[in-house]
K.L.:
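To start, I am sharing the structure in question, which I have written as structure tokens.
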Amino acid sequence: MVNSKLKVEVSSGAVKTYARPSKRAIIVNEYTKGAELTVYHFIKGWYELRPVDVDGIMNTEFISSEDVNLI
């Protein structure tokens, strides 16, 4: 199941993503309730997001699994 792509939905408002899989890390982005995201398994309790910016560069963000629900 490693690196398998999953669809999730943000479960509550103002959910943050982080630069590392830690709530003490730098905040990268914020999503509102109901936002659909494509994530990948990373480590227990965290998913990895791989968004591409306007220049076509893929970034890495991490979101806690407790902040999202599988679709």
Side-chain angles (χ1 to χ4, degrees):
M1 198 116 180
V2 174
N3 287 331
S4 60
K5 195 185 300 188
L6 301 168
K7 285 286 210 179
V8 296
E9 182 177 70
V10 174
S11 59
S12 61
V15 169
K16 294 169 179 48
T17 60
Y18 301 90
R20 295 179 294 111
S22 169
K23 295 227 176 179
R24 294 182 180 178
I26 296 168
I27 296 171
V28 177
N29 214 332
E30 190 172 310
Y31 294 95
T32 58
K33 183 176 182 174
E36 291 185 12
L37 306 170
T38 301
V39 297
Y40 300 83
H41 280 285
F42 185 67
I43 59 173
K44 185 176 182 179
W46 290 90
Y47 291 117
E48 178 182 4
L49 285 84
R50 300 175 184 165
V52 177
D53 66 13
V54 294
D55 296 327
I57 298 171
M58 184 171 59
N59 298 301
T60 303
E61 303 173 15
F62 299 92
I63 191 167
S64 175
S65 60
E66 62 190 29
D67 293 333
V68 295
N69 298 317
L70 291 173
I71 296 178

K.L.:
Are any of the side-chain heavy atoms of Leu37 and Leu49 separated by less than 4.5 Å?
P.N.:
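SC-SC contact between Leu37 and Leu49 confirmed.
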
K.L.:
Can you run down the salt bridge (charged side-chain N to carboxylate O under 4.0 Å, His left out) pairs that involve residues 7-21, sequence neighbours left out, and say none if there aren't any?
P.N.:
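Checked against salt bridge (charged side-chain N to carboxylate O under 4.0 Å, His left out) - neighbours excluded - the pairs reaching residues 7-21 are Lys16-Glu30.
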
K.L.:
Are Val15 and Val8 connected in the hydrophobic side-chain network, where two residues link if heavy atoms are under 4.5 Å apart?
P.N.:
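Both belong to a single hydrophobic cluster.
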
K.L.:
Partners of Tyr31 by ring pair (Phe, Tyr, Trp, His ring centres under 6.0 Å), sequence neighbours excluded?
P.N.:
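For Tyr31 there are no ring pair (Phe, Tyr, Trp, His ring centres under 6.0 Å) partners, ignoring immediate neighbours.
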
K.L.:
Side-chain heavy atoms nearer than 4.5 Å, only ILVMFWY residues, links allowed to pass through others: does that put Ile27 and Val10 together?
P.N.:
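No: no chain of side-chain contacts under 4.5 Å links Ile27 to Val10.
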
K.L.:
So Val68 and Val39, side-chain contact (heavy atoms from CB on, under 4.5 Å) or not? Walk me through it.
P.N.:
CA-CA 10 Å; Val68 295; Val39 297; 6.0 Å; no

K.L.:
Any chance you could measure Leu70, atom CG, to Leu6, atom CG, to the nearest 0.5 Å?
P.N.:
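Going from CG on Leu70 over to CG on Leu6, the span is 6.0 Å.
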
K.L.:
As a quick check of understanding, evaluate side-chain contact (heavy atoms from CB on, under 4.5 Å) for Ser64 and Trp46, giving each step before the final call.
P.N.:
CA-CA 5 Å; Ser64 175; Trp46 290 90; 4.1 Å; yes

K.L.:
Quick check: closest heavy atoms across Ser11 and Asn69, and the distance to 0.1 Å?
P.N.:
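Of all heavy-atom pairs spanning Ser11 and Asn69, the closest is CB-ND2, 3.3 Å.
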
K.L.:
For Ile26, is the CD1 atom crowded, meaning more than 12 foreign heavy atoms sit under 6.0 Å from it?
P.N.:
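No, the 6.0 Å shell around CD1 holds no more than 12 heavy atoms from other groups.
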
K.L.:
Is Asp53 reaching over with its side chain to a backbone N or O of Asp55, donor-acceptor style, under 3.5 angstrom?
P.N.:
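Confirmed, Asp53 side chain pairs with Asp55 backbone.
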
K.L.:
Any idea which heavy atoms bring Phe42 and Pro21 closest together, and the distance?
P.N.:
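Closest pair (atom of Phe42, atom of Pro21, distance): CE2-CG, 3.6 Å.
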
K.L.:
Quick one: closest heavy-atom pair of Lys23 and Tyr18, and the distance?
P.N.:
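That would be O-CE2, 3.7 Å.
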
K.L.:
Below 4.5 Å, heavy atoms only, C-beta onward: do Ser4 and Tyr40 meet side chain to side chain?
P.N.:
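Counting from C-beta outward, Ser4 and Tyr40 never come under 4.5 Å.
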
K.L.:
Please name the pair of heavy atoms, one in Ala25 and one in Ala19, separated by the smallest distance, quoted to 0.1 Å.
P.N.:
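Taking Ala25 first and Ala19 second, the nearest heavy atoms are CB-N, 4.3 Å.
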
